[in-house]
Structure formats: C-alpha cells, structure tokens
Amino acid sequence: MRQQLFFNPTMRDIPQGADVPSHQLMLRAGLIRQTASGIYTFLPLGLKVLRNIERIIQEEMEKAGAQELLMPAIQPAELWEESGRLKDYGPELMRLKDRHDRDFVLGPTHEEVITSLVRDHITTYKKLPITLYQIQTKYRDERRPRFGVLRSREFIMKDAYSFDTDRSGLDTNYERMYEAYQNIFTRCGLDFRAVEADAGAIGGKGGTHEFMVLSQIGEDTIAFSDTSQYAANVEIAAVLDTYEKAVPPAASLEVIDTPQMKTIDDLTAGLNLEKASLLKSVLFIADEEPVLVVCRGDHEVNDIKVGNALDAREVRLAEPDEVQDIMGTEAGFVGPVGAPSQVKILVDAAVKTISSGICGANEKDKHYQNVHPGRDFPITEYGDYRIVQEGDPSPDGQGKIRFAEGIEVGHVFKLGTKYSEALGAVYLDENGRSQPMVMGCYGIGVSRLLAAVIEQHHDENGITWPGSVAPFDVHLLVLNPKQDDQHELGEQLYTRLQDNGYAVLYDDRKERAGVKFNDSDLIGLPVRITCGKKAGDGIVEVKRRRDGKMEEVHVNELFSYLETLRK
RNA sequence: CGGGAUGUAGCUCAGCUUGGCAGAGCACAGGCAUGGGGUGUCUGGAGUCGCAGGUUCGAAUCCUGUCAUCCCGACCA
C-alpha cells in the first residue's frame, strides 16, 4: 500500500476523552474513529488488524472442529420471549420495531437464534455433537461505554455454540475450546490467564472460565495463588474456612450509644477498636426476600457468593427505605441480634473468630457490645460470603492469594440444557427417547482483543505490533523521494518485498523524515526499512520496532536478514 | 440511573466573569528555503460558536429548555 493515498489519518494531539493507551493509540494511529458514544468506525488500518485476528480465530476454531456460519444481528423479539430473556436481559438489550410494528432486538448474543436453528434441523443423536460459530457484530446498550473499543455498545464478537447428547460430550467439547482459546491468545502475543469464573444460576458448578489479558486498566480483578496455578475471578474466588471458634466473653450483651457512627470506620475511630472485632451487617434483597449477611468488619460481602448460596436469580443491596421498613432503623445500625424473624441471616465463617464484638442494635445511634456469635444470635451454619483478600490462603491450599487486574477477552461456558429446554431443542436418542441437547457457549470479544493487544504492545512512541496481527509486515520509508537513488530503490524494494510475500506499507509521501519516522513508530509495524542517504550504494537501514534493533543492510542481503528478524 | 463537567475551524484549546468585527497553535492549499526524528518562513482557505427559544439596539458571552459527548459511581449473560 502506497501511503500517499492510504486513508490513514494520524494525530499528533491526544484526543479528548481517550484515557487509556490503547484508545489513544487506536485514534492517533488511525485505526478507528468514534461515530457515536460507544460506537466506532474501523478505518482501513484497524480493519486489517481485525481481519488478522479473525483469521487466527477461524483457523483455531476449524482445528477444534467448529463450523462457521453467520446469523443475523436483528432478531425477532418472540425468540427472546420464548427463552424468557426479553424480560431478564433488561435495558442492555437494544430493541426496535419494524414498519409493521413488530418487535425486534439487536442481538447481544445468539443463544436463541442458534438453538432454534439447531432445533429445527437436528433431531437425532446421529447428527451430534456439533459446534457452530460466527464472527459477528453484537449490540449491548452499556450504561457507560468507555475505553474506546474495550467497552463499546457495538462490538465484534466470535461466539461458538456446542450441542452434545450428554454432559461428558459437553466436557470434551469444552476442553477442546479451552485449548483453542489458549492457542488463539498465545498466537496474538498476549500475556493472559484462564481463570475460574462465576457460573451464575444457569451453568452449574465448575463449568466456566474467563480468559483474562493481564493489564492494569482491566476492569476485572483476578485472584491467583503466589505458588500454585490457582487463578479465579475475585467474584467467585473461594475463601477457606480455617478459622478457630473464639471463646465467649464473660461479659454479656450490652447496648451502647454510638451517635452518628454508621460505618465500620466511624466505629473503629469512635470506639478505638480493631476492624476485625466488629460485625458488619448488610441487608440484601435476594429474589424479593430480605437477607442479612454478616461478615467481619475488615471484610467485604460478596453478593455473587450470596446469590449462589441461595440459588437466587437476582441479589441486590436493599434500598434505604427498604432497610428502614424491614429492620426498623437505617443502614449503619442494623445487626443480627434481635433481627426480625422473617429476615434470613447468613454468617461468614470469619465471624467465628470474634469473641466479643460490636454490632448494630437495630435502633438509631445504638450498637451492642460484647456480642458473641452463636450465643447472642443463632447461627445454623457458617458459610463463605465474603470477597477474598490479598494474603488469604489460596483455596487449593497452596500459597497465598495475590490480585491482578485483567481484561476479559474470552469466556467459555457450560450452558447445560437451559436454552435447549426453553426452546425445545431436543433429539431422539438410541432408544427413541426425546432428550434435551446439552449446550456450551464460547465467546471472544474480537474488537476488545485488538485493544488488549495494544495495551500489552506499545511504548511511548506508539504501537509495537506482534507480527501475527500487524496490519502490514514491513514499513518501507523513502526519506527524500526527490533524490532519484532513494526513490528508485524504494520503488524497487516495494515491488520485490511484495513479490516475496511481504505485506508492505510504503511511505512515498512528500513529508519530512521526522514526520515519517514518527508516524512509523506510531503505526508500529514489526520491521521498518529506510531508504536514506546510502541508497545510492544499495544500503538500507532495517529496524525492528519491538526492541529497536537496527542494522544497515545491503539490498542483496535484505531478504535473508529479514528472515533472521522473524525469529 | 445518580453525581460532575464540556460543547467555538479537521485536532487541541483560548475568548464567556464584565454582551460590541470570530481567535491561537497544529492540520490543510500555494510559494521559497531546508531535507535523518513532527524544520523555518511568507501567503491563503476554512467555523450556523451543538440546537431551539427568550432578554437586549446588539448574544459565542446572560436566561430557559433541549440534544450530544466525556469523567466518577452504580451496573455488566
């Protein structure tokens, strides 16, 4: 590609509102432009990278036995009615009507479409298992799009769906996809971790992993062991119950005045106590039922664990007026002692260690002291309801937990029969019995993956593409096209490089050398070949973007030298 | 959805407090010089000051409404 006419607007200024490196560089290097909030145009340079990533994904998907198809972005709302998700999905689902006033949605995912398709055309175990995938544009009306294409409302996703006759078939498919994902992210040059993730209400236990690209700007937190392979999303990372039950104090329960002391910090400051000796009581509403979760003052409640323990569809913090109605006082003074009997109480295991604690008295500006769990309020069972912390023992018993931030680029998920049952995707088994298909789904955020690559591959001057996804292989620069020897050598190399299979971006613009160098660093192709002063002697300068390694090379040795650079 | 902020040339922004000719740098077009890290210089083109209404002799500036965008938080199969 001759750069003179290449549509590649680069920017010197950092665009307003671009806060993370990948977003800034994608705008500055001319990969994308914003069209609306959370909606982007991919420019020619960005599209080339996208296509490279897609090709890697396609190759690994085919290798894993998946077949590509393409489903529509616009889906009839009835399908979503059928699966029950028209209501469940909420305002993130983009909805629209056609001219006949029929309801449609812009697909945020395609379980409904694929399941109804397979339902209509596969009816026997002889046609199973099958895995289908697509690379397609998805729509989610995010409350707050941010970080460019990392969290956008229209984005490109690879989604695969497997259909098996039974659970063990699903397990096999899941393993194959898991491996394919590792291949894909490795080939994209990413430093990533596969972590255990929240299976939610539908997936059953142990049936889902997220693939996280390690990055400080990541919106997810990974809890991993400092000695073993254990890694999980902090949302689900288990906390081991290694706590000893404390002995009860001699003193009995007593009400004390705690004016304006509504938070753990207020209480520790006001009463001069350790956080760990306080009981934190938080009221949740789980599927319309009030649940009071009690943990230690130095811990945080994990609402996902609460939801999973109760097998609840929705868990949310109670609103202030709900707290008042249910507990008879405001948040900050609620506690398990004397709580209304219709309120279910869940107690985190770490609370065991409290011998003589403080908790809310369910009365404004009052707390109890000398509280002993089990003595002063009943406990049927302790559970794991808190967020794991750095330094906690790893759940596999090896090492301690550390945290890292990650960008979720992939998610593999054992769906089971939720959608096949809802949409009637059944097959006849060997005995002629009707059985629901057992499904898995496997997503990769393709456009997000592109941004994640840049997050891990850039320096202060621009992008430093891994060769596997780079939009071109070589950036060929002619510093002064007015010099005949430079110009002629440039033209000759442009042709010869392409004849030898290199994708070449050829900077033939009438620009200053500095401009070309800066744009070249910004765009970040793996190798730069410069025709400069020594062009007359057949000598060019070859520089590797990644590490700045630079050599003057005679054109006769150029191709063998390029081969050595690939290593 | 709650809180905060911003909309002026392609980009980054000044001008608004105190109403009076629409501005700068970069970018763009042309000339001259320069020609290995965003060079210098001269000339030029480019804006319905987000939109609508109001106040006023006069509005980018004040008022009301509205739309868009961004940031923080909450949320995220």
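In what follows, chains are A, B, ... by sequence order, proteins preceding strands, each numbered from 1.
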To the nearest Å, how far apart are [X] [atom1] and [N] [atom2]?
X: A:N233; N: B:A77; atom1: CG; atom2: P; value: 11 Å
X: A:K510; N: B:C32; atom1: NZ; atom2: C1'; value: 18 Å
X: A:R28; N: B:U12; atom1: CZ; atom2: P; value: 12 Å
X: A:M94; N: B:C76; atom1: CE; atom2: P; value: 18 Å
X: A:F147; N: B:C75; atom1: CZ; atom2: C1'; value: 15 Å
X: A:L79; N: B:A77; atom1: CG; atom2: P; value: 21 Å
X: A:R153; N: B:A68; atom1: CZ; atom2: C1'; value: 11 Å
X: A:K482; N: B:A33; atom1: NZ; atom2: C1'; value: 10 Å

Practice task
Look at A:R512 and B:G37 and indicate whether a side-chain polar atom (N or O) is within less than 4.0 Å of OP1 or OP2.
Solution key: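 No, A:R512 has no side-chain N/O under 4.0 Å of OP1/OP2 on B:G37.
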
Handout entry: Phosphate contact (B:G35 OP1 or OP2) by A:Q486 side-chain N/O below 4.0 Å
Key = no

Practice task
Using a cut-off of 6.0 Å, state whether more than 12 heavy atoms not belonging to A:K87 lie near its atom NZ.
Solution key: no

Return the pairing partner of [N] with a 3.5 Å limit on both distances, Watson-Crick or G-U wobble; otherwise return none.
N: B:U56; value: none
N: B:G2; value: B:C72
N: B:A22; value: none
N: B:G7; value: B:C67
N: B:C28; value: B:G44
N: B:G38; value: none

Please measure how far the [atom1] atom in [N] lies from the corresponding atom in [M], and state the result in whole Å.
N: B:C26; M: B:U39; atom1: C1'; value: 14 Å
N: B:A5; M: B:A14; atom1: P; value: 16 Å
N: B:G35; M: B:G10; atom1: C1'; value: 27 Å
N: B:U18; M: B:U61; atom1: P; value: 14 Å
N: B:U12; M: B:G58; atom1: C1'; value: 31 Å
N: B:G20; M: B:G3; atom1: P; value: 34 Å
N: B:A52; M: B:C42; atom1: P; value: 39 Å
N: B:G4; M: B:U66; atom1: P; value: 16 Å

Exercise for the section: Give one of base, sugar-phosphate or nothing for A:D519, where a contact means two heavy atoms less than 4.0 Å apart. Expected result: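 Base, at least one base atom sits under 4.0 Å.
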
Practice task
Pick base, sugar-phosphate or nothing for A:K543, based on heavy-atom distances below 4.0 Å to the nucleic acid.
Solution key: base

Check: [X] side chain, [N] base, donor-acceptor under 3.5 Å:
X: A:Q483; N: B:G35; answer: no
X: A:N480; N: B:G36; answer: no
X: A:K516; N: B:G36; answer: no
X: A:R509; N: B:G35; answer: no

Among [options], the nucleotide that comes nearest once only the side chain of [X] is considered:
X: A:Q34; options: B:U69, B:C28, B:G37; value: B:U69
X: A:L522; options: B:A74, B:G38, B:G37; value: B:G38
X: A:N518; options: B:A77, B:G37, B:G73; value: B:G37
X: A:R144; options: B:G37, B:C72, B:G38; value: B:C72

Practice task
Enumerate the residues from residues 5-18 of chain A whose closest heavy atom to RNA chain B is under 4.0 Å, giving them by residue number; use none for an empty result.
Solution key: A:R12, A:D13, A:I14, A:P15, A:Q16, A:G17

Less than 4.0 angstrom from a charged side-chain N to a carboxylate O is my criterion; do [X] and [Y] meet it?
X: A:E111; Y: A:R85; answer: yes
X: A:R2; Y: A:E491; answer: yes
X: A:R316; Y: A:E322; answer: yes
X: A:R544; Y: A:D547; answer: yes

Exercise for the section: Verify whether the ring centers belonging to A:F413 and A:Y442 lie closer than 6.0 Å. Expected result: no

Practice task
Taking the six-membered ring for Trp and the single ring otherwise, decide whether the centroids of A:Y178 and A:H209 are under 6.0 Å apart.
Solution key: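 Yes; A:H209 has its ring centre under 6.0 Å from that of A:Y178.
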
Problem - For the student: nearest non-hydrogen atoms of A:V301 and A:C295, plus distance - result: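 Closest approach of A:V301 to A:C295: CG2-SG, 3.8 Å.
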
Practice task
Kindly give the heavy-atom pair with the smallest separation between A:R545 and A:L525, and that separation in Å.
Solution key: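 Minimum heavy-atom contact is CB-O, 3.1 Å.
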
Practice task
Could you tell me which residues satisfy side-chain contact (heavy atoms from CB on, under 4.5 Å) with A:A470, sequence neighbours excluded, listed by chain and number?
Solution key: A:W465, A:P526

Practice task
Assign each of A:V515 and A:S37 to its nearest nucleotide of RNA chain B by heavy atoms, then name whichever residue's nucleotide is nearer the 5' end.
Solution key: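 In this pair, the answer is A:V515.
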
